[in-house]
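Given the structure is predicted, the values throughout are model-derived calculations rather than measurements. A note on names: the letters A, B, ... follow the listed sequences, proteins ahead of strands, and every chain is numbered from 1.
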Number of protein chains: 2
Amino acid sequence: MARTRSPVTYPEKRARLLEVAQRLFLKDGYEATSMSKLAEQASVAPNTLYWYFADKDALLVEVLNATLQRGMSEYLAYVEEPLEVQLGWLARVFEELRPLVSTVHARAPLSAPVSVWHANFHAFMEAQFVEQMRKRGISVERARPSARIATFVLEGLMSHECSAEERDTLIRTLVNALD
Amino acid sequence: MARTRSPVTYPEKRARLLEVAQRLFLKDGYEATSMSKLAEQASVAPNTLYWYFADKDALLVEVLNATLQRGMSEYLAYVEEPLEVQLGWLARVFEELRPLVSTVHARAPLSAPVSVWHANFHAFMEAQFVEQMRKRGISVERARPSARIATFVLEGLMSHECSAEERDTLIRTLVNALD
DNA sequence: ACCTGAACACCGTTCAAGT
DNA sequence: ACCTGAACACCGTTCAAGT
């Protein structure tokens with residue numbers, strides 16, 4: 001049977017399933033979104049998902065990548081702004097990732113792909129901060145611990161409920177303290 | 001039947017079950033420890049646990065409280081030490097809580113008791129730091145954001161693998177930055 | 001190649017029944 | 001009062017069977 005003539009191609013359907021997963025994971029959380037519920041929302045049988053994705057963690061990693069990439073592509077426009085503006089903007093962008101932060105930490109020890117993604121996320125964020133501080137004349141050795149602190153605080157902001165003013169105050173304090 | 005003559009009293013058995021839970025939760029993690037496995041280790045039927053604890057989250061909260069309380073009682077001896085020593089010591093104590101940090105964040109939205117415990121933990125930690133900074137002559141308004149940053153970094157240290165030197169460098173940088 | 005119904009081994013929890 | 005065997009409604013995942 002000529003499956004290439006199917007009204008929906010494989011990558012198209014895969015993308016559609018990913019969209020549904022992204023929506024439900026970010027809205028209800030990973031744990032609260034069962035594969036069955038996800039399948040139902042996508043109008044397929046639960047096991048159909050396993051034709052497109054290895055397992056639920058693979059789905060998680062793809063959702064994380066898609067969201068992060070979307071955020072980072074916008075982030076590049078802010079590279080010339082002061083560190084305070086950058087951090088505030090990152091915190092706001094990653095706000096939508098909030099429901100998945102604790103999930104990543106919980107799943108990382110149980111899933112190699114999630115663990116790799118998590119390590120890469122930290123390395124990437126720290127590298128960004130180190131680069132920004134280096135540009136402002138701080139040596140790499142002195143910048144690295146500060147970059148890790150900034151990443152931890154960013155992660156803290158991501159994983160805890162926090163008003164906009166609190167967030168801005170925190171970031172201002174952090175930036176003042178670090179330079 | 002005179003149950004009070006039972007060889008093991010209710011609170012004794014409850015404490016024993018809690019010990020088993022503490023051991024398994026801290027060793028294997030909350031998610032990896034099923035109620036059945038826990039029951040097996042304690043040599044009772046799985047549903048017996050529900051006679052002593054409302055549900056699995058209640059067991060988690062009790063384990064958290066026991067571990068935290070043990071840590072904090074030791075902490076009081078360090079109250080006169082410099083902030084750097086204090087923080088380092090806290091980070092080392094809470095190292096054993098590492099496997100449960102992400103669990104607390106993951107369960108908090110789904111369990112009111114866990115959510116309350118988490119809120120109390122943050123409030124308590126921040127109050128400690130604010131008090132320490134106040135003692136060192138920093139106003140409360142200026143201390144609060146710094147205390148929150150310190151708490152976030154502490155939580156970051158708790159939830160991520162980190163060598164002892166890295167941890168000490170981080171804490172030194174943080175303390176230098178905040179005062 | 002793509003999709004499904006049925007089944008598997010688990011999970012936390014409940015309930016009726018025992019002592 | 002304390003404990004259990006059996007059952008419930010779920011979960012993520014697999015497999016044989018369909019087209």
Side-chain angles (χ1 to χ4, degrees), chain A residues 1-18 20-21 24-25 28-63 100 103-104 106-114, chain B residues 1-18 20-21 24-25 28-63 100 103-104 106-114:
Chain A
M1 207 183 193
R3 272 289 161 183
T4 41
R5 286 206 213 131
S6 166
V8 181
T9 66
Y10 180 95
E12 276 169 359
K13 182 150 190 183
R14 196 175 190 282
R16 247 183 29 94
L17 294 176
L18 209 52
V20 175
L24 291 187
F25 282 178
D28 303 329
Y30 178 81
E31 293 80 4
T33 304
S34 69
M35 294 297 265
S36 301
K37 200 184 290 183
L38 218 159
E40 194 189 359
Q41 287 287 313
S43 304
V44 294
N47 45 358
T48 297
L49 294 166
Y50 292 85
W51 181 259
Y52 294 89
F53 305 95
D55 52 26
K56 202 185 176 186
D57 287 310
L59 219 27
L60 172 63
V61 168
E62 297 236 29
V63 167
L100 295 184
T103 301
V104 169
R107 295 301 307 165
L110 307 172
S111 161
V114 175
Chain B
M1 207 183 195
R3 274 289 161 184
T4 41
R5 287 205 211 131
S6 165
V8 181
T9 66
Y10 181 95
E12 275 169 0
K13 182 149 188 184
R14 196 176 191 281
R16 248 184 27 94
L17 293 176
L18 210 52
V20 175
L24 291 186
F25 282 177
D28 303 330
Y30 178 80
E31 293 82 1
T33 304
S34 70
M35 294 297 266
S36 302
K37 200 185 290 182
L38 218 158
E40 193 189 358
Q41 287 287 314
S43 303
V44 294
N47 45 359
T48 296
L49 295 166
Y50 291 87
W51 181 259
Y52 294 89
F53 305 95
D55 51 27
K56 201 185 176 187
D57 287 310
L59 219 27
L60 172 62
V61 169
E62 297 237 30
V63 167
L100 294 183
T103 300
V104 169
R107 295 301 307 166
L110 307 172
S111 161
V114 176

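Closest contact between the side chain of A:A45 and the listed nucleotides C:dT4, D:dC2, C:dC2 involves C:dT4.
Side-chain atoms of A:R16 and A:V8, non-hydrogen and from C-beta on, never get closer than 4.5 Å to each other.
If you run side-chain contact (heavy atoms from CB on, under 4.5 Å) between A:T33 and each of A:V20, A:L60, A:L24, only A:L24 comes through.
As a whole-Å value, the separation of B:K13 NZ from D:dC2 P is 10 Å. When the P atom of C:dT14 is taken as reference, atom CG of B:L49 falls 13 Å away, rounded to whole Å. Between the CD atom of B:E12 and the C1' atom of D:dC2 there is a distance of 15 Å, rounded to whole Å. For the pair B:R14 CZ and D:dC3 C1', the interatomic distance rounds to 17 Å; values are reported in whole Å.
A heavy-atom distance below 4.0 Å to DNA chain C is reached by these residues of residues 29-43 of chain B, ordered by number: B:T33, B:S34, B:M35. The stretch residues 50-57 of chain A comes close to DNA chain D through A:Y50, A:D55, A:K56, each having a heavy atom under 4.0 Å from the strand.
The shortest non-hydrogen separation linking A:L17 to A:A42 is CD2-CB, 3.5 Å. Between B:A39 and B:P46, the shortest heavy-atom contact is CB-CA, 3.5 Å.
The salt bridge (charged side-chain N to carboxylate O under 4.0 Å, His left out) analysis of residues 45-63 of chain B, with sequence neighbours excluded, yields the pairs B:R14-B:E62, B:D57-B:R107. The salt bridge (charged side-chain N to carboxylate O under 4.0 Å, His left out) analysis of residues 30-40 of chain A, with sequence neighbours excluded, yields no pairs.
Shown here are the side-chain contact (heavy atoms from CB on, under 4.5 Å) partners of A:T48, two or more places apart in sequence or in another chain: A:V44, A:A45, A:Y52. Every residue meeting the ring-ring contact (aromatic ring centres under 6.0 Å, His included) condition with A:Y30, not counting sequence neighbours, appears here in chain and number order: A:F25. Applying the side-chain contact (heavy atoms from CB on, under 4.5 Å) criterion to A:P109, with sequence neighbours excluded, gives no partner residue.
In secondary-structure terms, DNA chain C builds stems of at least 3 consecutive Watson-Crick or G-U pairs, each pair having both distances under 3.5 Å, at C:4-8 with D:12-16, C:12-16 with D:4-8.
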